[in-house]
There are 2 protein chains.
Amino acid sequence: MANNIQFSIAVHILAGLACGCDKEGLTSAKLAMSVNTSPSFVRRTLSKLSKAGLVETATGKAGACWLAKDAKGISLLDIYHAVDAPKAFAIHSYAEQKACTVSCHIKVALENALAKTQKALEVSLAEISLAQIVSDVKKK
Amino acid sequence: MANNIQFSIAVHILAGLACGCDKEGLTSAKLAMSVNTSPSFVRRTLSKLSKAGLVETATGKAGACWLAKDAKGISLLDIYHAVDAPKAFAIHSYAEQKACTVSCHIKVALENALAKTQKALEVSLAEISLAQIVSDVKKK
DNA sequence: ATTTGTTGTTACTATACCAGTAACAGAAAA
DNA sequence: TTTTCTGTTACTGGTATAGTAACAACAAAT
């Protein structure tokens with residue numbers, strides 16, 4: 001009942017980078033193998049993570065990528081924002097029916113509700129660090 | 001950046017029913033006018049709300065629908081569950097790459113994270129009642 | 001009884017989004 | 001200069017979902 005798996009992919013990639021014993025970083029091809037997708041798709045996600053300052057990359061023949069900071073310093077909220085994941089719920093955008101009070105003002109009411117719920121969602125994501133994810137991965 | 005507006009539609013419909021001065025209930029045609037969509041679509045959403053016990057309906061010539069309980073007794077979480085809205089985020093479902101620890105265990109780690117975040121989302125929705133929405137709609 | 005106007009449901013269509021691929025310029029090491 | 005990687009753009013195909021149409025079941029009104 002849900003879509004947009006880019007957030008999951010991003011967490012997967014970052015967990016891979018955090019676990020990767022290679023001090024020299026990983027290539028998009030290796031990450032793609034772990035995630036089971038194409039290197040291109042990985043690179044597109046990596047690009048967003050890079051712009052958000054979560055990973056650093058090197059171009060050229062010895063190209064690679066690695067975490068820009070410690071896994072403890074990266075929260076799921078950082079990742080959520082980096083990939084611009086969907087909001088808690090979507091608000092419809094129909095034209096207002098002038099004669100109807102509900103039609104005209106429902107959007108504001110929904111926006112108030114969304115603001116509160118979105119905040120709760122983000123606080124929860126902020127409390128989970130990439131290090132926690134890595135710990136879960138290794139524990140199992 | 002988000003989709004699946006059925007939750008919003010459902011809140012809109014219920015707010016309409018709560019506001020509707022008509023003691024006798026509203027038809028799907030009138031609701032459709034307020035939401036700016038087809039009666040069919042409204043009825044499909046109404047059907048879910050009816051099955052969840054949030055509204056009651058009457059068939060036949062004088063067909064109509066109305067709230068099954070007071071707006072104070074209906075939370076956004078009830079509506080969220082009724083329309084089976086998407087989870088806080090989706091987990092990808094690629095085949096595990098046996099040779100890779102991350103690939104094999106990331107799903108469990110993500111499920112743990114989702115459980116926590118989903119809980120936060122639902123608690124937040126549970127705290128907002130339909131009556132609150134109606135109040136916002138009328139205040140404006 | 002017959003007509004009328006509604007719900008409930010199914011089936012269908014079209015569109016928009018998104019996962020996934022391909023291709024290539026730019027970059028840096030060998 | 002060759003190799004091999006990143007970064008980015010453009011493209012494709014599949015799928016979910018908004019939206020529509022149609023019709024049986026139903027109950028009130030006539």
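The sequence lines fix the lettering, A, B, ..., with proteins before strands; numbering per chain opens at 1. Only a predicted model underlies this, so the values are computations on that prediction, with no experimental measurement involved.
For the OP1/OP2 pair of D/dT17 and a distance below 4.0 Å, the side-chain nitrogens and oxygens of B/Q6 include no atom meeting the criterion. Proximity of A/T57 to the phosphate of D/dT6: no side-chain N or O atom is located under 4.0 Å from OP1 or OP2. Within the structure, a side-chain polar atom (N or O) of B/K51 is placed less than 4.0 Å from OP1 or OP2 of C/dT9.
No contact: B/S50 has no heavy atom under 4.0 Å from any strand. When heavy atoms are screened at a 4.0 angstrom cut-off, A/S38 is found touching base atoms of the nucleic acid. Nucleic acid contact for B/G60: base, since at least one base atom lies under 4.0 Å from a heavy atom of the residue. Residue contacts for B/T27: at a heavy-atom cut-off of 4.0 Å it reaches the sugar-phosphate backbone alone, with no base atom in range. Heavy atoms of B/A58 sit under 4.0 angstrom from primed sugar atoms or phosphate atoms, though from no base atom.
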* Asked: Given A/L121 and A/Y80, is the side chain to side chain contact (heavy atoms under 4.5 Å, CB included) satisfied, shown in steps?
  -> CA-CA 11 Å; A/L121 173 75; A/Y80 179 86; 3.6 Å; yes

* Test log, rule salt bridge (Lys or Arg N to Asp or Glu O under 4.0 Å), inputs A/K107 and A/E96 -> CA-CA 9 Å; A/K107 196 171 277 184; A/E96 292 177 359; over 6 Å; no

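Both B/A62 and B/R44 sit near DNA chain D, but only B/R44 has its closest nucleotide nearer the 5' end.
With hydrogens and angles ignored, a donor-acceptor pair under 3.5 angstrom links the side chain of A/S40 to the base of C/dA23.
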